[in-house]
Structures are given as C-alpha cells and as structure tokens.
Amino acid sequence: MDFTFEDQQTAFRDAIRRFLMTEAAPEHLREIWETKSGRSTELRSKLADQGLTALSVPEEFGGIGLSDLDWVLVQQELGYYAIPDSLSDTAYLAVYLLTNMPADVALKREWLPRIASGKARVAVGHPVNPLVADAELADLLLLWHQDEVHALTPAQARLTFNPSIDMSRRLYRIEWTPSDKTRICPANAGRGLWEGVLDRAALAAASQLLGLAHRMLDLGIDHSAQRKQFGKPIGSFQAVKHHLADVAVKIEFAEPVVHRAAYSLARGHALAPVHVSHAKLAAGEAAWLSARKSIQVHGAMGYTWEADLQMFMKRAWALDASWGNRAFHKARVARFVLGNGAALGPDATFN
Amino acid sequence: MKMSDDEIFRLEVARWLRAHLRGEFECLRHRGGPGDEDAHPELRKRWERELARGGWTCVGWPREHGGRGLSIAQQVIFHEEYARAGGPGRMGHIGEGLIGPTLIAYGTEAQKRRFLPGIVAGTEFWCQGYSEPNAGSDLANVQTRARRDPATGEWVLHGQKVWTSLAHESQWIFVVARSDPESKGNRGLSFLLVPLDQPGIAIRPIKQLTGTAEFNEVFFDGARTAAENIVGQPGEGWAIAMALLGFERGVSTLGQQMHFAHELDLVCEMARVNGAASDPAIRARIAQAWIGLKVMRYNALRMLAGAQDGHLRREAMMYKYYWSNWHRELGKLAMDVLGPDGDVVSDDPTRTRLQQLFLFTRADTIYAGTNEIQLNIIAERALGMPKEPRFEKGKS
C-alpha cells in the first residue's frame, strides 16, 4: 500500500483541525460536559456544516460518500480535540450499519439523509461494550441481539444513566425487549455487519487515541517550556525532555499501523480485523505512554482538575477500554499469528 | 513451644485492634490512605483519640516524650498489624511521623512541652508548608517571607504554600520561609511553627482529577506566630527541613506495604470474579506485582536493620522511587483486570476501590519528590556522581 494521503484528504483534515481549534477549546468542552446532556446542539450543527455528519453517507442519500480511509485522518482530529462519542457513533458506525443493510430502502431513506444533515443522532449498542454511549439523546438506537440488528427509539427502551470516569461520556444501561417489529436485519446478514461495526469502531477509537496521544504530548511540551525550576524551563533538563521524546517515538511508530488498518478496511482486505486490532493496540500504547509521561512532566499540576490534561487522559483511558480492550485485541492478533497453518516468514508475515 | 516477647506483642496489638476498630469505626477500615485522605476526617480524628487512649500513638517515640518507646522490631510489628487490620490512614501522621521527631531532635524544651502532648493525645493536627508555586522540585526557591515585628518580636509571614495535604483539617502548619530577604537558595531560610486559625491565613482546597480535594493552597497575608515558634536558629531552616524529611522514610513503610498487599489482594479477587485471572498475561503481571512487593518488604526490613544508628543506608534513598513505580503499575494492572468496566462508575465497592487506586496512583511518581528528583538524589548522593548543572544568576 501507499502511505501517502491525497492532497484532498489532508486538506480536509487541515480544515477540520482549524475549525476544531477555535470551536472545541478545552474550556468550551468543559462547559458542555458539565451540562446534564453533555452535548451541544450548536456544536453539532457546526460539525454538520463542516460536512462531518455527511462524510460516509452515500451521495444518493444526501451525503459525500467517502471511505474509511477518509475518516481515519478526521478521527485523529476528533481525538486531538476530544470530541465525544456521539459524532463518530452516528456518522461513522450507524451510517455503516444502515448503508450496508440488505434492502430495506425505506429505513435508509428515512435516516441517512437526516444523519447527513446533522439532524439525527444514532446510538449503537454492541455486546463488546457493557453500556451504550449517548443513548438518551439519540433519535434512534441500533442494537445487537443474537447477531440481529434491531432499531428502537429511546422511548421504547428503559435507559439508566451510568457515569464514567471520563466526563465527556454519557453511558446508559439499556433494558429492552426484542420483537419482530424492532428487528430490521436477521442474524445471518447481521453477523457480518456487526463485525464490520466492531472493526470500524475499534479503528475510530485507535485513530482518536493517536490524536489524544498527540494532544497530551503537546500539553506536556507547552508546560515544560513555560514551567521554570532551578532558574530555567524544566524542558531543558534531559530527564524531562527525554520523557516527551519517548512519546514522540511511540506516536510516530503507531501512526502507520493505524493508517494501514484503515486502508485494509476500505479495501476489504481479508486480514483487516487483525490490522485493526494491531492498530488499536499500538495507538492505545501510545496514548497510555503519553498520559503517563505528560502527567509526570506536569508535576502536581497535572493531577489537578484545573489542568486540561486530565480531560484528555481520562478520555484516552476510557477509549482504550472501549470497543475491545487490550486483552480482546491481543487475543485477536494471537489467534491469527498462532492459527493452524498460519504462514509466518518473510513472504507471509510482512504484507 | 514458648512464644517470644515479639510474638506476644503481635497478638496484643491484633487483639486491641479487633476490639476497637469496630462499631462506629468499622467503616474506616482500609480508608484514608494516600489519595483517600479526605475520607471521614472527623471520625478519623476521633479514631486518633481512641488510639491515644490505648497508648497506640507515637509508639516509636521515647517514653519521656509520651511515646511507647517500642524497639524498631516492635514498631514494625505494630505497623504491620495495624495495616493488616485495615487500620485507617492516620490523620496524625504528619505530627507523629514528621514534626514530632523533628521537635524531639531539634526543638527547645518549651516547644516539646507545648506541642508533643497534643500530637500524642490525637488532639492537635499538623500540616507541612514546604512546596510553593515556584518551589516544587526546586524546593530551595522558597519565596514566602518571614520578618520579625520589632514591637512584639513575633514572626510575620507573607506568601503562599501549595499542595498542602490536610491543611483544612489541621490546627498548625510548619513553614519553611525566607527570613533573610537578601538571601537566595537554601540559605537565609527559617523553620517556623504557625497556627492556622488566624485572620492572616486563607486556605483554599485544590480539586484533583479524581474530583475530590485533599490538598490545599495556603495563603499568608500578615499571618503571625510567636517569637519562640522557630525551630533551630534563623537561617537554619533548610537543615531542619531536610532533617525532617529523613524521618519520612521510617518504619511506617512496612505498614504501607501491608496496605499494598491488601490492594493486590483486591486486584486478585476481582480477577478471579470477572475471569481476568484466566488470561495468562494478567496472571504473569499479578505474579510480577507479588514479586515486587516481596522485594520491597525485604529491602525495608534491611533498611530498618541499618537505621538503628539513625543514619539511613543508601537503599533508603531508593525506596520512594521503587514503591511509587511499583504502585503506579499496580494501578494500571487494576484497570486492565477491570477491562471494559474500568471506566464505568458502579456501586460495586471493589470496582470503585480499584478505580480510585488507578487514579490516585497516577500521582505517586510525582508527590514527595518526583522520579526525576529521586534519580538525581540516587545518582548524586548514593553514587557520588557529578551534580546536575545548576543555574546561577549572571550565568546561564
């Protein structure tokens, strides 16, 4: 594969970055997160104006029709600016599920244009996660049941809010009764769809973790340049700057792994699930290291509520455990590597 | 077989704790440790007085100062049994472990008479005024000023301390302040004992990433303390402050390790319940954590054996670095054992404890001397390596 992105893709990424820099400042996010819903319709409609909600909705349903590969750079920005789960769950995961649903054009016609225009939020419930993110504010719930896909409105289910360590998250326990009326896709077709959701969600989390790692690194660099001890910026001490250099190395080496996984998913590569798991592991490691090193460099300040670092650390820890934690993804990689007849060696392993 | 005196003593401690750490105190078990210091403060103060009535405060202090005069071996036994019983984090630990021993070693007779009984009785609580916004790792850069009021002889303080644990629960603070306005670095400092309940002092809690607040900012704006409330001479503050830190690595480390063992038990229990224990990688890390704990224990016992003459061996310098890294890793292990439930708040007490363990341990390698400072101390003092280049005015 070619690791170079097209100019158009990087230009879009840059535009999103500039937009989020002004619209998603940490102090603004804190204000939103402190509200009960934790979400801002104003920010959502601005995100829609940027085309983010329409990104992978097919053109026939009013979207832009882009691919996993276009999402990956955007997801890194969403991570860097700590944009909560709802956007990606709606515009990436739910769109994937609905678009690839066999037939049922009425459902697609009803929901995809609304998603594209930023007028609908959709929450996705997959068994790998104990709880469902952003269920209460959703207009539609897409839920797993024995590999079937079910569609409900929140009013048709009983939702119990369950706080997370990560202030940005709005998690819910959902009690509901599956019926013929709620089922929109049978198990035989649903199985593959749910696998596709899991891989895309894990890839999205991996990309966001990479962005978060980068953000925490930047916060560490800023702090170490401004904070003085012994009469000079602490960043001038080797013991401090080497911490951050270690993080940079980790991020640099995780990034192509994530891009590789996006490429595989977009192309339907047979090993895409393995590549995704590898990506989630690599990005998760980078984010953990970045959190650990950045708080160390921040000193006691990094442990305070006031310092922005905690917002990004908590988001990174939460995402790392979502959509399959490290044990889950390591097991997927191990199953492939140790699988019967798995070909290992120069011709087989490095492709 | 006849029991040794130490074995009999161990039973006595355990029996006393069983009989007293119950009833209203039952809910304090395993609470109030580092990172959990804001748990039940009033009840824990009552517990201090309960301990005092049983003669279990200041057990290592000489009898003449109100202590129990225990041998090192018996102090270790006491702290181990205390932790084994789930004894709560000691509200009085700064008085008992830090300022008390400092006053015994360097205080005047009047200071000992005035301050030691309140510490022993669990009625007066202390906090530590060292760090400032611009004096963290560079502690000698203290800017809080103290000058004498020529009329009364009192000390008058202006400035700010920060990261002051339990300031809002204490009556007294010991402060390192600059008494010679012309001085720089570790010269010209004085060590003062200052009452907190006065108009010249404002205390503001600092909210931590856990959402709780156990440390504070302490502001001095013309705060006063009597002329005699100085430990050592004016200008000797740094020497006193450093001597005090030497008491920090004392016998309570064994109790701390017993607390760690309890936390490791919780991690194992959760791994068994939720099935994480069947993951070979988790099993290996739990075994590794157990190994680390044993390493700490043997080293602490050796360290204490060598501290009989009052001088710490060089492994004492390494202890903070070792335990804080070990404990931080235990926090991450707890999170990995919890798996997808790790970031989800619940009313399962074990899960909550493990989440707190994880969040609290993020600060272990930072407070009480960062890893970077600890490694510098090991390299420079234990290994005698050349000192880190220091900034001096006029040079760079």
Side-chain angles (χ1 to χ4, degrees), chain A residues 127-131 161-167 169 171 173 227-234 236-240 242-243 288 291-307 309-311 313-328 330-331 334, chain B residues 35 131 133-141 162-163 184-185 206-213 215 276 279-282 328 332 335-347 355-356 358-360 362-367 370-373 375-376 379 388-393 395-396:
Chain A
V128 77
N129 295 322
L131 302 170
F161 174 63
N162 195 324
S164 162
I165 287 172
D166 169 13
M167 250 179 57
R169 307 200 94 189
L171 300 177
R173 195 169 299 286
R227 169 74 176 165
K228 284 187 178 172
Q229 286 284 267
F230 305 105
K232 43 187 169 181
I234 59 169
S236 64
F237 294 104
Q238 281 195 345
V240 172
H242 287 185
H243 280 319
W288 270 91
R292 179 152 76 77
K293 297 295 194 182
S294 195
I295 193 175
Q296 189 69 26
V297 164
H298 273 75
M301 271 312 292
Y303 195 63
T304 62
W305 189 265
E306 184 192 338
L309 179 62
Q310 56 108 353
M311 304 164 60
M313 289 195 297
K314 288 173 182 168
R315 184 118 189 91
W317 295 327
L319 276 180
D320 186 55
S322 303
W323 297 104
N325 67 348
R326 261 168 294 142
F328 176 92
K330 267 195 181 142
Chain B
S131 297
N134 290 310
S137 287
D138 185 7
L139 187 57
N141 192 37
V162 72
W163 318 122
K184 288 231 177 314
I206 300 173
K207 192 171 169 189
Q208 299 161 211
L209 60 78
T210 50
T212 57
F215 29 68
D279 176 350
I282 294 286
R328 181 175 64 180
K332 186 165 186 240
M335 206 64 170
D336 289 338
V337 164
L338 286 172
D341 290 331
D343 72 305
V344 178
V345 175
S346 100
D347 49 14
Q355 286 169 336
Q356 286 174 340
F358 167 70
L359 289 174
F360 294 149
R362 297 309 91 192
D364 281 345
T365 55
I366 294 169
Y367 68 79
T370 62
N371 268 359
E372 292 68 35
I373 292 297
L375 290 174
N376 275 356
E388 183 102 351
R390 293 274 155 86
F391 173 85
E392 287 168 55
K393 216 175 164 67
K395 301 178 195 167
S396 62

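In what follows, chains carry the letters A, B, and so on, assigned in the order in which the sequence lines appear, proteins first and then strands, with residues in each chain numbered from 1.
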K.L.:
Side chain, backbone, both or neither: which part of A:Lys314 has a heavy atom under 4.5 Å from chain B?
P.N.:
side chain

K.L.:
For the atom pair CG (A:Leu319) and CG (B:Asp343), what is the distance rounded to the nearest 0.5 Å?
P.N.:
8.5 Å

K.L.:
Under a 4.5 Å heavy-atom cut-off, does chain A meet the side chain of B:Ala363, its backbone, both or neither?
P.N.:
both

K.L.:
Mark yes when over 12 heavy atoms from residues, nucleotides or ligands other than A:Arg326 sit less than 6.0 Å from its CZ; otherwise mark no.
P.N.:
yes

K.L.:
Of the listed residues (B:Ala140, B:Pro133, B:Ser131), which shares the most heavy-atom pairs with chain A below a 4.5 Å separation?
P.N.:
B:Pro133

K.L.:
For the interface with chain A, which of B:Val162, B:Asp279, B:Asn141, B:Asp336 has the highest count of heavy-atom pairs at distances below 4.5 Å?
P.N.:
B:Asp336

K.L.:
Would you indicate whether the side-chain heavy atoms of B:Asp341 and A:Pro130 approach each other to under 4.5 Å?
P.N.:
yes

K.L.:
Look up atom OG1 in B:Thr365 and atom CD in A:Gln296, then write down how far apart they are to the nearest 0.5 Å.
P.N.:
3.5 Å

K.L.:
Quick one: does any side-chain atom of B:Gln208 pair with a main-chain N or O of A:Trp305 as donor and acceptor, under 3.5 Å?
P.N.:
no

K.L.:
When rounded to the nearest 0.5 angstrom, what distance separates OG in B:Ser346 from CZ in A:Arg173?
P.N.:
8.5 Å

K.L.:
At a 4.5 Å cut-off on heavy atoms, which part of A:Leu131 comes close to chain B: side chain, backbone, both, or neither?
P.N.:
side chain

K.L.:
What part of A:His298 gets within 4.5 angstrom of chain B, counting heavy atoms only: side chain, backbone, both, or neither?
P.N.:
neither

K.L.:
Please classify the contact between B:Leu338 and chain A as side chain, backbone, both or neither, with a heavy-atom cut-off of under 4.5 Å.
P.N.:
neither

K.L.:
Relative to chain B, which segment of A:Trp288 carries a heavy atom at a distance below 4.5 Å: side chain, backbone, both, or neither?
P.N.:
side chain

K.L.:
For B:Ala213, is it the side chain, the backbone, both or neither that has a heavy atom under 4.5 Å from a heavy atom of chain A?
P.N.:
neither

K.L.:
Between A:Asn162 and chain B, with a heavy-atom cut-off of 4.5 Å, which part of the residue counts as in contact: side chain, backbone, both or neither?
P.N.:
side chain

K.L.:
Is any side-chain heavy atom of B:Phe215 less than 4.5 Å from a side-chain heavy atom of A:Tyr303?
P.N.:
yes

K.L.:
How many angstroms lie between atom CD of A:Glu306 and atom CD1 of B:Ile206, to the nearest 0.5 angstrom?
P.N.:
8.5 Å

K.L.:
Hey, which of B:Leu359, B:Asn371, B:Leu375 has the most heavy atom pairs under 4.5 Å with chain A?
P.N.:
B:Leu359

K.L.:
Give the C-alpha distance, both sets of side-chain angles, the deciding distance and a yes or no for side-chain contact (heavy atoms from CB on, under 4.5 Å) between A:Ile165 and B:Met335.
P.N.:
CA-CA 12 Å; A:Ile165 287 172; B:Met335 206 64 170; 4.2 Å; yes

K.L.:
Among A:Ala300, A:Ala291, A:Ala318, which residue forms the greatest number of heavy-atom pairs with chain B at distances under 4.5 Å?
P.N.:
A:Ala300

K.L.:
Under 4.5 Å from any heavy atom of chain A, what part of B:Pro280 do you find: side chain, backbone, both or neither?
P.N.:
neither

K.L.:
Could you tell me whether a side-chain N or O of B:Glu372 sits under 3.5 Å from a main-chain N or O of A:Ala239, the two making a donor and an acceptor?
P.N.:
no

K.L.:
Are A:Lys228 and B:Asn134 packed together at the side-chain level, in the sense that at least one heavy-atom pair is separated by less than 4.5 angstrom?
P.N.:
no

K.L.:
Examine whether an atom of A:Met167 lies under 4.5 Å from a heavy atom of chain B, and if so say whether it belongs to the side chain, the backbone or both; otherwise answer neither.
P.N.:
neither

K.L.:
To the nearest 0.5 angstrom, please state how far the CD atom of A:Gln229 sits from the CG atom of B:Leu139.
P.N.:
9.0 Å

K.L.:
Is the shortest side-chain heavy-atom distance between A:Gln310 and B:Arg362 below 4.5 Å?
P.N.:
no

K.L.:
Could you tell me if the side chain of A:Trp317 sits less than 4.5 Å from the side chain of B:Phe358, heavy atoms only?
P.N.:
yes

